[in-house]
There are 2 protein chains.
Amino acid sequence: MAPKIKDVARHAGVSVTTVSRVLNGEKYVKDDLKARVQRAIDELGYTPSHIARSLVRKKTDLIGVIVPDVTSSFYSTILSTIEKTASLNDYNLLVCNIIEDTDKELKYLQVFKQMRVDGIIIMHEKMDDEIRELIHKLDIPIIFSSVKPVDQKFISVIIDDYAAAYDATRHLIELGHKRIGFIGGDMRDVTSGQNRFVGYSHALADFGVEVVDDYIRFGDYKTQSGYEQMKAMLACEVYPTAVFAVSDDMAVGAMNCIHDHGLRVPDDLSVIGFDGSQLTEQVRPRLTSMEQPILEMGKVTVDKLLDLISGNDDLSAEDVILKHKLVIRDSCKSYVNS
Amino acid sequence: MAPKIKDVARHAGVSVTTVSRVLNGEKYVKDDLKARVQRAIDELGYTPSHIARSLVRKKTDLIGVIVPDVTSSFYSTILSTIEKTASLNDYNLLVCNIIEDTDKELKYLQVFKQMRVDGIIIMHEKMDDEIRELIHKLDIPIIFSSVKPVDQKFISVIIDDYAAAYDATRHLIELGHKRIGFIGGDMRDVTSGQNRFVGYSHALADFGVEVVDDYIRFGDYKTQSGYEQMKAMLACEVYPTAVFAVSDDMAVGAMNCIHDHGLRVPDDLSVIGFDGSQLTEQVRPRLTSMEQPILEMGKVTVDKLLDLISGNDDLSAEDVILKHKLVIRDSCKSYVNS
DNA sequence: CTGAAAGCGCTTACAG
DNA sequence: CTGAAAGCGCTTACAG
């Protein structure tokens, strides 16, 4: 059995109160006592039980995180900066990976509640009613990262997805493209599904670019679905000269599909992605992408959450909108209608 | 304040003992009492405190995981199956991401101890003495996944890295290549550094293929380093016709470098990777790779750890060696010396 | 500056 | 089948 505070106290010949005090760095302990206690701690290899501590302090230093898919380069990057920021503030992460699995999410939310985590970070927005209800009466600070659920009650750290999608589309238009395909996300998602689609649509409308229904398709953000949707688009009699995919993974899938069809990016088709994940630099041609400030997003998410936890939520009642940025690489080219 | 067991007891007009019993699904509770308690629980929205429970049960259902880099597709995939398997067994994950940061690892190990996690999974092997010492007297079941530290005390779930590297190299040899480059890992790593290098060397020796020092380089498993090492190799007067990189990320970096130099894979150079991560299918040409059974590895790791935790460690005293498998895609081609 | 005692929210013998 | 009491390993008023 690991030694307990009582053992240390006995070993040092003091009360547990005193041991507790030196453990917590309180003043009001004479130096010689402090030294004796410290020695006892070292000799016994004592480490205080965080469990017991949490129970009395009513604080676990735990943050529950719900990630849709740690395997995605976007989410894994966000997760890594969340972890980093949390760790810097002495918080630990309880990580839950949900792959479109509502039951698992419900279960984890329950676990977070049981664990009495100090705060929760959620990175997806496809919530059914059961989850919504649970979340609302959870009484634990919650923050959404990279997504914004319809419920106004919660704070989100996001970019302006509408504007970002608009700007990405405009980039293609400004390159001279007239036939612009779109590979969207899940339309149940407000942020990354609906808003990005509307941004695309409005850009087309504002610049008088024709809307072709066959060029508008929806995937699940993953590479494979980008591939499939692109395949369908290439099956059109006249296919687009440019494609905007709302995730880098899908954009890469689209590029691969184009490649496998014997066409070239960007000579035959331009492709622009979304996220600015590390994949953009790992493929050839390197992928032009509408970049989200992923690192900042993770950091700000944790900072805001810690504000909420410590009760400084006065000003935190508002969403944080981070800036998006078009990063031009090699996958888009101007279209010359000759 | 969230309701406690006492509140439920009062609300239902029974003792806390009885509430505890129905909470834990014990028999020996009359149906009517059980129903009353259940109703009280529902009405109050009561959720038992896992913290308090852990304290008395001396079991936290927590597994601490140390990942070198969640951002890597290999580790994020392993992590996702670890999470899945753990969750299926009602364990939760405390995730620590260490990026070559020994201090952070030490800190987390301490945290794991304080948290009284039931078990620990470690996925890297670059241990300094301080960590080694701490780990050895931790008195918590530890298992290594995908790596094997020199200390014989701990169990590892791995493949035979030596054989896998040997087989990958042999594949290139059998394709007729005579000048075979190598992009290795960190030679401080026994598993993925040393063993894979020796596998490569022995294959060359066994088949009488010339060893060229300039073709032997070492990176840090990431894309960028693969790029750089490849660049150095291409600067040789006569460069290799095939390259074996010990991670898919580095192999992709190598492919990109080759591409950026105006050469083609596999026509001018063949490239073979290692891991079998999802990147292999995301790049063009698709990457031939020596595949580790990543999903199985994660699952087996957790299964073994749970064995250790529950004390069935009789047979668990041995490493688990999983099978590697060469997956041929489009990045290697036979070399015809004309 | 130091310690005895109560309490955090549960579970588990023990007695009935 | 049910409950009073002790205890898990700490911290924190309270008193001295």
Side-chain angles (χ1 to χ4, degrees), chain A residues 1-38 40-41 44-62 110-118 139-140, chain B residues 1-38 40-41 44-62 110-118 139-140:
Chain A
M1 276 284 83
K4 335 171 182 187
I5 196 172
K6 209 170 164 186
D7 301 319
V8 177
R10 186 155 26 201
H11 197 86
V14 298
S15 71
V16 294
T17 313
T18 300
V19 176
S20 175
R21 278 203 260 261
V22 347
L23 242 31
N24 294 295
E26 265 178 60
K27 36 230 166 204
Y28 307 136
V29 182
K30 259 196 194 151
D31 284 348
D32 60 326
L33 270 202
K34 196 182 292 184
R36 250 162 59 205
V37 170
Q38 195 54 59
I41 289 175
L44 266 45
Y46 170 73
T47 311
S49 160
H50 194 88
I51 297 291
R53 224 170 223 186
S54 299
L55 188 59
V56 17
R57 286 189 185 160
K58 294 176 174 314
K59 182 153 182 355
T60 54
D61 303 326
L62 244 32
Q110 285 292 153
V111 168
F112 289 168
K113 191 178 172 193
Q114 288 179 198
M115 286 285 192
R116 306 297 195 251
V117 299
D118 293 337
D139 189 39
I140 297 175
Chain B
M1 278 283 82
K4 335 171 181 186
I5 196 171
K6 210 170 163 185
D7 301 318
V8 177
R10 185 153 29 202
H11 197 84
V14 298
S15 73
V16 295
T17 312
T18 300
V19 176
S20 174
R21 279 203 259 260
V22 347
L23 243 31
N24 294 294
E26 265 179 57
K27 36 231 167 203
Y28 306 138
V29 182
K30 259 194 192 152
D31 284 348
D32 60 326
L33 270 202
K34 194 183 293 184
R36 250 161 62 204
V37 170
Q38 195 53 59
I41 289 175
L44 266 45
Y46 169 74
T47 311
S49 161
H50 194 88
I51 297 292
R53 223 170 224 188
S54 299
L55 188 58
V56 17
R57 287 189 185 161
K58 294 176 174 316
K59 182 154 183 353
T60 54
D61 304 324
L62 244 31
Q110 285 292 152
V111 168
F112 288 168
K113 191 179 173 192
Q114 289 180 198
M115 287 285 193
R116 307 295 195 251
V117 299
D118 292 337
D139 190 37
I140 296 176

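Sequence lines set the chain letters: A, B, ... in the order given, protein chains first and strands last, and positions in each chain run from 1. This is a predicted model, so every value here is computed, not measured.
One interatomic measurement links the two molecules: CG of A/D7 to P of D/dC8, which rounds to 11 Å at whole-angstrom precision. The interatomic distance linking B/L55 (CG) with D/dA6 (C1') rounds to 13 Å, in whole Å. The distance between atom CG of B/D31 and atom C1' of D/dT2, rounded to the nearest whole Å, is 15 Å. One interatomic measurement links the two molecules: CG of A/D32 to C1' of C/dT2, which rounds to 12 Å at whole-angstrom precision. Here the P atom of nucleotide C/dT2 and the CZ atom of A/R36 are 9 Å apart, to the nearest Å. Computed from coordinates, the A/I5 CD1 to D/dT12 P distance equals 11 Å when rounded to whole Å. To the nearest angstrom, P of C/dG9 lies 17 Å from CE of A/M115. The CD1 atom of A/I51 sits 14 Å away from the P atom of C/dC10 (whole-angstrom rounding).
Taken from CG in A/L23 to CD1 in A/I41, the straight-line distance is 5.0 Å, to the nearest 0.5 Å.
Electrostatic pairing of B/D32 and B/K34 does not count as a salt bridge here, judged by no charged N lying under 4.0 Å from a carboxylate O.
Surrounding CG of B/D139 are at most 12 heavy atoms belonging to other residues, nucleotides or ligands under 6.0 Å away.
For C/dG3, the paired base is D/dC14 (Watson-Crick or G-U wobble, both distances below 3.5 Å).
Side-chain atoms of A/V56 lie closest to C/dG7 of the nucleotides C/dT11, C/dG7, C/dG9. Taking the side chain of B/K30 as heavy atoms from C-beta on, and the options C/dG9, D/dC1, D/dT11, the nearest nucleotide is D/dC1. Out of D/dT12, C/dT11, C/dC10, the shortest distance to the side chain of A/R57 is found at D/dT12. Distance from the side chain of B/V14 is smallest to D/dG3 among D/dG3, C/dC8, D/dT2. Here the nucleotide nearest the side chain of B/R53, chosen from C/dC8, C/dT11, D/dC8, is C/dT11. Closest contact between the side chain of B/V16 and the listed nucleotides C/dT11, C/dG9, D/dC1 involves C/dT11. For B/R21, taking side-chain heavy atoms from C-beta onward, the closest of the listed nucleotides C/dG9, D/dG9, D/dT2 is D/dT2.
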(request) Decide yes or no on side-chain hydrogen bond (donor to acceptor under 3.5 Å, both in side chains) for B/T18 and B/S15, but give the supporting numbers first. (result) CA-CA 5 Å; B/T18 300; B/S15 73; 3.2 Å; yes

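Using a 4.0 Å cut-off, some side-chain N or O of B/S15 falls inside it from OP1 or OP2 of D/dG3. OP1 or OP2 of C/dC10 lies within a sub-4.0 Å distance of a side-chain N or O belonging to A/R116. Checking the phosphate oxygens (OP1, OP2) of C/dC8, no side-chain nitrogen or oxygen of B/K6 falls inside 4.0 Å. Between B/T17 and D/dG3 there is no side-chain N or O to OP1 or OP2 distance below 4.0 Å. Here B/T18 reaches the OP1 or OP2 of D/dG3: one of its side-chain N or O atoms lies under 4.0 Å away. Contact annotation: A/S20 reaches the phosphate of D/dT11 (side-chain N/O to OP1 or OP2, under 4.0 Å).
Contacts of B/L33 with the nucleic acid, taken as non-hydrogen atoms under 4.0 Å apart, involve only primed sugar atoms and P, OP1 or OP2.
Checked options B/V14, B/D7, B/V29; the residue passing with B/V19 is B/V14 (criterion: side chain to side chain contact (heavy atoms under 4.5 Å, CB included)).
Put simply, the side chain of B/H50 never gets that close to the backbone of A/V111: no donor and acceptor are under 3.5 Å apart.
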